[in-house]
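This report concerns only the one structure given below.
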Amino acid sequence: AQKVTQAQTEISVVEKEDVTLDCVYETRDTTYYLFWYKQPPSGELVFLIRRNSFDEQNEISGRYSWNFQKSTSSFNFTITASQVVDSAVYFCALSEENAGGTSYGKLTFGQGTILTVHP
Amino acid sequence: NAGVTQTPKFRVLKTGQSMTLLCAQDMNHEYMYWYRQDPGMGLRLIHYSVGEGTTAKGEVPDGYNVSRLKKQNFLLGLESAAPSQTSVYFCASARGGEQYFGPGTRLTVT
């Protein structure tokens, strides 16, 4: 069975600090997809990134960066120079690949990390 | 293009009552999903559909039924609501991997 663990329940930082959210996953599949979603106080789920298991290249998008390490089954997310608007719950998720080579999208979510950025 | 919409946004039910949550998407996506979100547990998959007329069980299907009679709609039914079904319900649709979530329905069962 698939499992996603976000060991950090809550993180509190002061604006402009860098913060890293940890995600560790378990799966028996050789091909899978990893995701990060943001849930701001308004409640909607905002897609941030999707990576497949064959692509271990780290990615940077503005102040966001992701470090995917298959050897340690981790997919960590770093926010550089955090801002108050980054305050949200962040979810890491995992999905399997179906026989057709794509994803059915059945996401297994971690418990979420509550990030609070203080001014 | 409205994306994924959910009806209703809020609902209070008494134990034993029934209701149907409606999810609609206008992106012509094949796959649709129902999740529930409980405090401290993240989202869990209830049921999903890989195409019109098909449904399948997810991680926590007990107490729920679903139907996908039209490609754009995915209905979630509670036949006899229980307090344990108090939760926020999210619908999502997908094609090609990225899931688009609806705004959620907050359901309270008293």
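Labels below follow one simple rule: chain letters A, B, ... track the order of the sequence lines, proteins then strands, and each chain is numbered from 1.
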>> For a 4.5 angstrom cut-off between non-hydrogen side-chain atoms, does A:T108 reach B:L45?
In response: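 Of all side-chain heavy-atom pairs linking B:L45 with A:T108, none is under 4.5 Å.
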>> With a 4.5 Å cut-off on side-chain heavy atoms, are B:Q99 and A:Y37 touching?
In response: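 In contact.
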> At a heavy-atom separation under 4.5 Å, does A:Q6 approach chain B through its side chain, its backbone, both, or neither?
Replying inline: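 For A:Q6, there is no contact with chain B at all, as no heavy atom is under 4.5 Å.
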> Given that the side chain runs from C-beta out, which part of A:I114 has a heavy atom under 4.5 Å from chain B: side chain, backbone, both or neither?
Replying inline: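 Nothing of A:I114, per the 4.5 Å heavy-atom cut-off to chain B.
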Under 6.0 Å from the [atom1] atom of [X], do we count more than 12 heavy atoms belonging to anything else shown?
| X | atom1 | result |
| --- | --- | --- |
| A:K70 | NZ | yes |
| B:R106 | CZ | no |
| B:E79 | CD | no |

Interatomic distance, [X] atom [atom1] to [Y] atom [atom2] [nearest 0.5 angstrom]:
| X | Y | atom1 | atom2 | result |
| --- | --- | --- | --- | --- |
| B:Q37 | A:Q39 | CD | CD | 4.0 Å |
| A:L107 | B:Y35 | CG | OH | 3.5 Å |
| B:D38 | A:Q111 | CG | CD | 13.0 Å |

> What do you reckon, are the aromatic ring centroids of B:F101 and A:F47 less than 6.0 Å apart?
Replying inline: no
> Checking heavy atoms, do the side chain of B:E30, its backbone, both or neither come under 4.5 Å from chain A?
Replying inline: neither
> So what's closer than 4.5 Å to chain A heavy atoms on B:Y100: side chain, backbone, both or neither?
Replying inline: neither
What about [X] and [Y], same hydrophobic cluster or not, with Ile/Leu/Val/Met/Phe/Trp/Tyr joined at side-chain heavy-atom distances under 4.5 Å?
| X | Y | result |
| --- | --- | --- |
| B:V60 | B:V66 | yes |
| A:I11 | A:Y90 | yes |
| A:V24 | A:F109 | no |
| B:W34 | B:L13 | yes |

